[in-house]
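Below is the structure I would like to discuss, written out as structure tokens.
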2 protein chains.
Amino acid sequence: MATMHDVARLARVSVSTVSYVLTGARPISQATRDKVLAAMATLDYQPNAMARGLASRRSRIVGLLMPMDERGLGATETAFVTGAAAAASAAGYHLILSPVGDLDDLRRLASQRMLDGAVLMEVQVEDERVGALQEAGVPLVLIGRTGDTTGLSYVDIDFDQTVREAVAHLVDLGHRRIVYVNHSAAAITAGYGPAVRTRDAFVAAMSGHGLEPVMIPAEDSAAGGRAALTAALAQAPDLTAVLVMNENAIFGILGGLTDRGLAVPRDVSVVSMVTSTQVAELATPALTAMTSPGSALGRIAVEALLRHVTGTGDDNHQQLLPCALEVRGSTGPAARMVAVSAGDRDDPTGSGPPGS
Amino acid sequence: MATMHDVARLARVSVSTVSYVLTGARPISQATRDKVLAAMATLDYQPNAMARGLASRRSRIVGLLMPMDERGLGATETAFVTGAAAAASAAGYHLILSPVGDLDDLRRLASQRMLDGAVLMEVQVEDERVGALQEAGVPLVLIGRTGDTTGLSYVDIDFDQTVREAVAHLVDLGHRRIVYVNHSAAAITAGYGPAVRTRDAFVAAMSGHGLEPVMIPAEDSAAGGRAALTAALAQAPDLTAVLVMNENAIFGILGGLTDRGLAVPRDVSVVSMVTSTQVAELATPALTAMTSPGSALGRIAVEALLRHVTGTGDDNHQQLLPCALEVRGSTGPAARMVAVSAGDRDDPTGSGPPGS
DNA sequence: ACGGTTAGTCGAAACGCTTCGACAACCGCG
DNA sequence: CGCGGTTGTCGAAGCGTTTCGACTAACCGT
């Protein structure tokens, strides 16, 4: 546990000089710098994070605030985390993942000056955490968006573009009767961003193709997926494709299809939205999916945050990233419908290649 | 940003008195305490974590070191985390989840005195992180076990007990030909604890019932599961039950069974080991599973760690927790075999209730 | 040769807390 | 009544950095 003092003595310079070598806050001659670095090396010196934090009023810690419910982190969320961690580490910052459920806990973290800034995951449309942190004067970047984003920095998935691509993929395959299985009705009325935005995007995309948009909400569980499938078949018996925005429900949907003797993708094509490769390949057949740019999202969020913190650059970073279409085994040409609406392949457009 | 000084002045006491009120390190009269608390309240005082850490040489931060691979955190691992976070928060500590992949990064965290202690997840049999942290003098508790656990504190799943219960459940249902699908061969030869321990436990449990243990390794993917099923059927065509220790492979196995026209649980029963409720219910039918005591594991680990850190109590906490059997739809009486070995139900024992 | 920069270094004062030694006031006990 | 022992409080000395002002020595253009 060598201190700066020890280094200074060994290098025969003053403590402040050692500090300047470390921080680069003032110019230091090459000769001195070398002496100091050598001393550090021989003493195996590591700066004390607490002392540094106290003196500089900067903890060099940024928090990634994730509500951890019992459901666990999907591979998607994990990708946020790894991306964020890599970006922080590269900048010499520590990333602490705080599973704050408790708002007070969060407030404590913030006002104890332990966090230089924070990235918020799973942002709700009305998110009290945003206010709490702003009040505490903690720089903030969101992954996701609140309802009113004025003055806020965020990175989010470009749901509009993503849904458009997914629909285009199905339409290209000849599907006309496409059902969208969303999150729960409760989530939608609560204004949960991804649910609302994809709904709107779906309606827009389908309308753009001259098709009728059918949306079914589903609870986040296999059972919810089964129920949704039943509802979907009731509402659109002639459906040939399902677009699913619900990683849990999708397994129920697949199970339900099998039970009904409907094969994927022969009878029904399935596309999963905002899904990780890992999950997509769990299913049989592997799911055609829109893969979320998870780690990029995390990285970009932290980079933007650090720019806030250090005062470098824009205080207002707002960016959307699309998911990439990855075609696997769960989508194929529309078949069931051929008998019903043979010869109506009249829309060969709309299959723009994935942006980036 | 009121400081202790401000509080002291407002309460007309000395700074040290305020500190004692906060830490309880020395007795303070009720009258004084009240004055101080009142002052804190009116000033909305929050102690500065850095200053406190510097002066006391204790950061009040413990790390939960989790290797975050691209696979993401299962619900099981997430339960560790939430359990640990709750325990830490209850003790007034912060839990920082560090996705350290990098050993150097870990070493840095440790020697910068930023961590009072650490809980290691996903411990390998030979885990260099253990040595690195011990060297840095950071108190340590493992979730999982290294090969040599002398002098180490750990909490782990009681694989022996868990496998015994799972096997007993199947045997009770009349199954005689049970195949165990483990992690990959590579994981086993690498000595990955859960893989090795469950293998041994399985052999012991089957032998105890006078049955032949058949084990098949499987890659951690749906495809790996399919391959394993093929191998299993080749090696034991008359199998009536599969015990699976591989959350990813199990979906492949289920798919493979369906493809072969084998129904679960009519033809083949399936038990998933060390699985979370969430995942178990994703499958159709929902999986009978040994549910891991995830959040308890996390909680106990942190509690033990904090005892190390504060010097209270045993420096050497070693504890095993069993998984609980949760019967769902994927297991049923042995049927296929009835024709082959009718009337050999000779072992009605071994179905002890979960030890909890 | 001269004031004015600038590069390089130092000493000392923070930063906001904990903790130690000291001390006064009070306790019960012989 | 005097004694050791608590109890409650205070002041001051750190904890290991950063950062500011000051100082020296070289360097600039003139």
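Sequence lines set the chain letters: A, B, ... in the order given, protein chains first and strands last, and positions in each chain run from 1.
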| said: If you compare all heavy atoms of Arg33(A) against all heavy atoms of Ile28(A), which two are closest, and at what distance to 0.1 Å? | reply: NH2-O, 3.2 Å

| remark: Heavy-atom closest pair (Ser111(A) atom, Gln46(B) atom, distance to 0.1 Å) is OG-CG, 3.4 Å

| said: Classify Val13(B) by what it touches in the nucleic acid, base, sugar-phosphate, or nothing, heavy-atom distance under 4.0 Å. | reply: sugar-phosphate

| request: Determine the minimum heavy-atom distance between Val123(B) and Gly144(B), stating which atoms define it. | output: CB-C, 4.3 Å

| How close do Leu320(A) and Ile157(A) get, heavy atom to heavy atom, and via which atoms? | CD2-O, 4.0 Å

| query | Heavy atoms under 4.0 Å, any strand shown: does Ile28(A) hit a base, just sugar-phosphate, or nothing? | reply | sugar-phosphate

| field | Exercise: identify the closest heavy-atom pair between Ala110(A) and Val138(A) | value | CB-CG2, 3.7 Å

| Taking C-beta and beyond as the side chain, do Leu133(A) and Leu65(A) meet within less than 4.5 Å on heavy atoms? | yes

| said: Output the rounded distance in Å from CD (Gln30(B)) to P (dT9(D)). | reply: 10 Å

| field | Residues Ser19(A) and Ser16(A): side-chain donor-acceptor under 3.5 angstrom | value | no

| query | How long is the line joining CZ of Arg12(B) and P of dC10(D), in whole Å? | reply | 12 Å

| request: Give the first and the last nucleotide of DNA chain C, reading 5' to 3', that has any atom under 4.0 Å from a heavy atom of chain B. | output: dG16(C) to dA22(C)

| message | Can you measure Arg60(A) atom CZ to dT17(D) atom C1' for me and round it to whole angstrom units? | response | 11 Å

| task | State which residue, out of Arg52(B), His94(B), Arg60(B), fulfils the side-chain hydrogen bond (donor to acceptor under 3.5 Å, both in side chains) condition with Gln112(A). | result | His94(B)

| field | Protein-nucleotide distance (Leu54(A), atom CG; dG16(D), atom P), rounded to Å | value | 12 Å

| remark: Taken to the nearest whole Å, CE/Met4(B) to P/dA12(D) is 17 Å

| What is the per-nucleotide protein-contact pattern of nucleotides 19-27 of chain D, from the 5' end, where B denotes a base atom under 4.0 Å from a protein heavy atom, S denotes such proximity for sugar-phosphate atoms only, and - denotes neither? | BBBB-----

| request: List in numerical order all residues of residues 31-52 of chain B for which some heavy atom is under 4.0 Å away from an atom belonging to DNA chain D. | output: Thr32(B)

| request: Could you tell me whether the side chain of Val13(B) reaches within less than 4.5 Å of the side chain of Val18(B), counting heavy atoms only? | output: yes

| note | Interatomic distance, OG1@Thr3(B) vs CG@Asn48(B), rounded to 0.5 Å, equals 9.5 Å

| request: Give, for atom CD1 of Ile143(B) and atom CD of Glu122(B), the distance between the pair rounded to the nearest 0.5 Å. | output: 9.5 Å

